[in-house]
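Notes follow once the structure below has been shown.
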Amino acid sequence: MKVWLKVIAVLLLVYVHTAGLLMDVPRLNILNETVRALYFHVPMWFGMVLLYLMSVYYAIRYLKNPTPEFDVKSVAYAHVGTAFGILGMITGMLWANYTWGSPWHGDPKQNGAAIALLVYLAYFVLRGSLDNEEQRARLSGVYNIFAFAAMIPLIFIIPRLTSSMHPGSGGNPGFNAYDLDSRMRLVFYPAVIAWFLIGLWIVSLRVRIKKLEEKIIERE
Amino acid sequence: MKNIIVRISGLVLLLVTNFGFAQTEVEMADTMRSEGKIYVIVAIVLIVLAGLVVYLFMLDRKVKNLENRLK
């Protein structure tokens, strides 16, 4: 990953964390100042989906052309994506506690996100249970496609079909009405870009460490 | 006639009270901002962020060193 991309990510994060706390936000009942959590909670999920998208991209590339490098990248993206998802879950529970009344509300959005995370945790269980490298890469590549195909309806479609309190689902407006006026977009989108770049950075570190491990094994 | 007066006064009362409700301010952390304390939080968050970023850069350099040694 290029250094200037890392610097841009850091500068955007500094901007997001300053403007996200200081700039004016819509005055809403119940939400009050917690509306600012949008700048910090939602980018985790956007980052997760983008990282999982990269993961399934490399899984498909591996299945088309079995090169170990694609598998290494695929698993690194899935790993960092899951870390983002767990952070999104914890921050969402904290936010829900003060706006919905309890950390776990059994809301379709929460349940769907939890199931999606479990589907991806099973991906790592599957990888850990196979010794043969080619077999592991091939099977987990196929499973990765299933996991992505399950994650999208679980997070984005099912909550929209039922009643959910989460913005953007179950008849609640998401981005256009009360949630995200044009002032908030100025902080929200940079936050998504910045966290995605940070995710890519950690992925690149994981890939490089994996390559080093392989080099050490080769030498021994 | 008395009935009409009661009705009109009721309507006026309703309008007045509704108007009052519409003016209710939504509670925000204005006092904290005016006293300047919000900047303490901003500083704390930025310090945590800076710490993590420095950590990430150091990790990056460590991996680069290892790569150079194994070349």
Side-chain angles (χ1 to χ4, degrees), chain A residues 1-3 5-37 39-40 76 80 83 87 178 191 194-195 197-220, chain B residues 2-71:
Chain A
M1 196 174 161
K2 295 273 184 291
V3 178
L5 269 178
K6 297 171 186 173
V7 172
I8 284 177
V10 171
L11 290 178
L12 280 178
L13 277 185
V14 170
Y15 159 69
V16 164
H17 283 77
T18 314
L21 290 170
L22 293 178
M23 264 170 63
D24 273 343
V25 289
R27 289 169 173 260
L28 302 164
N29 273 312
I30 300 171
L31 273 177
N32 305 80
E33 291 282 1
T34 70
V35 72
R36 294 179 196 276
Y39 302 139
F40 308 102
V80 180
L87 287 174
Y178 56 87
W195 283 111
L197 288 175
I198 294 285
L200 292 182
W201 185 359
I202 302 172
V203 165
S204 76
L205 282 178
R206 289 190 69 89
V207 170
R208 281 160 67 190
I209 290 172
K210 184 77 189 160
K211 278 181 187 160
L212 287 175
E213 277 176 358
E214 277 165 9
K215 255 187 195 164
I216 290 169
I217 290 169
E218 263 175 39
R219 289 198 174 187
E220 277 167 357
Chain B
K2 202 182 169 190
N3 206 356
I4 290 173
I5 290 171
V6 169
R7 276 188 188 181
I8 288 173
S9 59
L11 203 68
V12 168
L13 199 69
L14 200 72
L15 279 172
V16 168
T17 47
N18 267 348
F19 191 64
F21 275 125
Q23 289 227 311
T24 317
E25 279 285 295
V26 177
E27 208 173 312
M28 301 296 257
D30 288 327
T31 353
M32 189 170 77
R33 221 163 294 274
S34 67
E35 285 167 2
K37 294 263 168 68
I38 183 71
Y39 295 101
V40 180
I41 305 291
V42 174
I44 289 169
V45 170
L46 288 181
I47 288 168
V48 172
L49 189 69
L52 282 174
V53 165
V54 168
Y55 184 84
L56 209 50
F57 267 111
M58 279 163 67
L59 207 63
D60 203 314
R61 212 173 53 186
K62 214 168 187 171
V63 172
K64 194 171 261 171
N65 279 343
L66 274 175
E67 278 172 343
N68 288 338
R69 268 173 63 190
L70 280 174
K71 217 174 247 175

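A note on names: the letters A, B, ... follow the listed sequences, proteins ahead of strands, and every chain is numbered from 1.
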Heavy-atom closest pair, residues [X] and [Y]:
| X | Y | value |
| --- | --- | --- |
| A:Pro26 | A:Val35 | O-CG1, 4.2 Å |
| A:Arg206 | A:Ala76 | CB-CB, 4.1 Å |
| A:Leu12 | A:Ala194 | CB-CB, 3.6 Å |

### Message
Report which part of A:Val14 has an atom under 4.5 Å of a heavy atom belonging to chain B: side chain, backbone, both, or neither.
### Response
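For A:Val14, backbone and side chain are both near chain B.
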
Relative to chain A, which segment of [X] carries a heavy atom at a distance below 4.5 Å: side chain, backbone, both, or neither?
| X | answer |
| --- | --- |
| B:Val45 | side chain |
| B:Lys62 | neither |
| B:Leu66 | both |

### Query
Given side chains that start at C-beta, do those of A:Leu197 and A:Trp201 come closer than 4.5 Å, heavy atoms only?
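In short, these two side chains do not touch, never coming nearer than 4.5 Å.
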
### Task
Between chain B and each of A:Arg219, A:Lys215, A:Arg208, count heavy-atom pairs under 4.5 Å; write down the option with the most.
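Heavy-atom pairs under 4.5 Å are most numerous for A:Arg208.
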
### Message
So which residue, A:Met1, A:Lys6, A:His17, ends up with the most heavy-atom pairs under 4.5 Å with chain B?
### Response
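Among A:Met1, A:Lys6, A:His17, the one with the most close pairs to chain B is A:His17.
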
### Message
Is it the case that the ring center of A:Tyr39 lies less than 6.0 angstrom away from the ring center of A:Trp195?
### Response
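That pair fails the under 6.0 Å test.
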
### Query
Who among B:Val63, B:Leu59, B:Leu56 has the most heavy-atom pairs with chain A under 4.5 Å?
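Looking at each of B:Val63, B:Leu59, B:Leu56 in turn, B:Leu56 comes out on top.
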
### Query
With a cut-off of 6.0 Å (strictly less than), are more than 12 heavy atoms of other residues, nucleotides or ligands near CD1 of A:Ile30?
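Not more than 12 within 6.0 Å, no.
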
